[in-house]
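These notes are about the structure you will find just below.
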Amino acid sequence: MMFSSDGFDGDALLSLLVAACGLGILLLVGLLLRTLVPALKRYFIPAALLGGAVGLGLGPHALGLVPAGMHTTWSSFAGVLITIVFAPMLLGQNLPGFREAAKEAGPHVFYGYFSTFAVVGVPALLTYLVLQPLMGTNPLFSTIFEVSWPGGHGTAAGMEESYSSLGWEDGSSLSLSSATVGLLFGIIAGMVILNLAARRGLLTSAAAQGPSTGSDILPPAEASTDSTNRLRRGSLDNLAFHVSLIGVAVLIGVLLKWGVDQLLTGIPLFPLAMLGGLLVQLIVSRTPAYALVDKPTLNSIAGIALDFLVVAAVATISLPVIFANWLPLLIATVVVAVISVGIFCWIGPRIFPQHWVENSIVNFGAMTGVTSVGLLLLRAADPEMKTNAFRGFALRAPFASPFVGGGLVTALFPVLVMNIGNLWLGLACLALCLVMIGAAKATGIWRKPAAARPEAGAGAPA
């Protein structure tokens, strides 16, 4: 069914409101911590991450002060809010032509597919050569990192039926454990990478402003007044108008998902909502109402959703599952972690001619800990959206999200393991990585790394 036949009564809506208010309190606590501890700001740790860490400490896996029902509600927020983050990505700005779109999205698509094949190929050979003969590890173990790191907890849980049907009952549990490890690694390693990049002057925002050690509260002279209101309040509030546009984009995405699900299940909503936003943009831009559309206001709404998404995702990390079946998980995790950092350092500067750190870090985060981690890291690297990383990553979504990182191709890997084995799967994936490099060189995506210095404002969205 397209829409659930079960409505929400007043109590359910009140519980949802209270859960959202709880996340708001955590955000305020995170902001307070940034204010009281200057080092947190100096190391680019956002309030949403700090608030999420506090929520994690208060949750059922630690102090147990957060009610179980509220914690369960929080765990569902990320999958919903990511749709609101992506829906306005292509709204309120001049859309690039096909060549320009391919130029912006191409490197991001390359990064996503290359990462997928590497994160399947190397663990497949590791499982075949080491883990399976020495530790008796199930051959399907090789697939959990593609399922869990870019796919996240949702994909890991959703693969339970697939793994069980292939005779591996523990697959989903280990995938969930791996998803938790990947999320933690993505956040921690990503923050370390950003701090190293900032010290070397590789970040546009950091290079322009220097490390931030002052107050988060701007003086009146520096107060932001980006949003433009063209509507009289007696008619409709400016914020309500833009939220409504996003709502239309999301509804179009829901309709598209319903249609796609008739042919292929498992495709997430957020890239389809982004296509809904594109359709709204194409329609509204041909009417006088387009003058009312304000991109900074849309960015603010997406920013609100992103902050609540991050605090909810971090606060609901599952800690106990990390400690089960830890040895093969530890070995393979170290290998995959090295691969992910290696891809960032080696691939990034060769495929992104401008702002390679910002463009690579969002893909690094999405590779290790789902899209929300990528956006968290990009928010820390480029808080004012000066670079083209947000738009390039958004344009990537329709070409990658339905297929890799929790999509159709991800779901096929366990079947391939059972049919052709880890040896041939691993070799095939690594061969595809080499083919991709050759194709990238032939098409001009792959270039010799330039002297990496940030160009403030270059490549910023129109």
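Residue His108 forms a ring pair (Phe, Tyr, Trp, His ring centres under 6.0 Å) with just one option from Phe399, Phe390, Phe352, and that option is Phe352.
Rounding to the nearest 0.5 Å gives a distance of 5.0 Å between CD1 of Ile144 and OG of Ser175. In this structure, CG in Leu56 is found 8.0 Å from CG in Leu184, a value given to the nearest 0.5 Å. To the nearest 0.5 Å, atom CG of residue Leu279 and atom CG of residue Leu256 are 8.0 Å apart.
When all heavy atoms are compared, the tightest approach of Ile246 to Ile84 is CG2-CG2, 4.3 Å.
Taking 4.5 Å as the limit, some side-chain heavy atom of Leu125 sits within range of a side-chain heavy atom of Leu430. Looking at Trp149 and Val119, their side chains never come closer than 4.5 Å, going by heavy atoms from C-beta outward. Looking at heavy atoms from C-beta onward, Phe413 lies in side-chain contact with Cys429 at the 4.5 angstrom threshold.
Evaluation of the side chain to side chain donor-acceptor pair (under 3.5 Å) test over residues 418-445, restricted to residues two or more places apart or in two chains, returns Ser142-Asn422. Annotation: salt bridge (charged side-chain N to carboxylate O under 4.0 Å, His left out) contacts involving residues 54-68, sequence neighbours excluded, are absent.
Listed by chain and number, the residues in a side-chain hydrogen bond (donor to acceptor under 3.5 Å, both in side chains) with Thr143 are Tyr163 (sequence neighbours excluded). By the side-chain hydrogen bond (donor to acceptor under 3.5 Å, both in side chains) test, Thr83 pairs with no residue at all, sequence neighbours left out. A search for side-chain hydrogen bond (donor to acceptor under 3.5 Å, both in side chains) contacts involving Asp382 returns Thr387, not counting sequence neighbours.
When the shell of 6.0 Å around CZ of Phe185 is examined, it contains more than 12 heavy atoms from other residues, nucleotides or ligands.
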So Glu146 and Thr410, side-chain hydrogen bond (donor to acceptor under 3.5 Å, both in side chains) or not? Walk me through it. CA-CA 7 Å; Glu146 162 65 8; Thr410 301; 2.6 Å; yes
Please report the C-alpha distance between Trp346 and Trp446 in whole Å, then the side-chain angles of each, then the deciding distance to 0.1 Å, and finally whether the ring-ring contact (aromatic ring centres under 6.0 Å, His included) criterion is met. CA-CA 11 Å; Trp346 186 59; Trp446 188 281; 5.2 Å; yes
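Not one N or O on the side chain of Glu104 forms a donor-acceptor pair closer than 3.5 Å with the backbone of Arg391. Panel note: side chain Thr116, backbone Val404; no donor-acceptor pair is recorded below 3.5 Å. Put simply, the side chain of Lys448 never gets that close to the backbone of Arg350: no donor and acceptor are under 3.5 Å apart. Between the side chain of Ser178 and the backbone N or O of Leu174, no donor-acceptor pair lies under 3.5 Å.
Aromatic ring orientation, Phe117 versus Tyr113: tilted (interplanar angle from 30° to 60°). By the 30° and 60° cut-offs, the orientation of the rings of Phe393 relative to Phe86 is tilted. Taking the six-membered ring for Trp and thresholds of 30 and 60 degrees, Trp74 and His71 have ring planes inclined between 30 and 60 degrees apart.
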Side-chain donor/acceptor pairs under 3.5 Å, residues 331-339, sequence neighbours excluded:
unit_1	atom_1	unit_2	atom_2	d
Thr333	OG1	Leu329	O	2.5

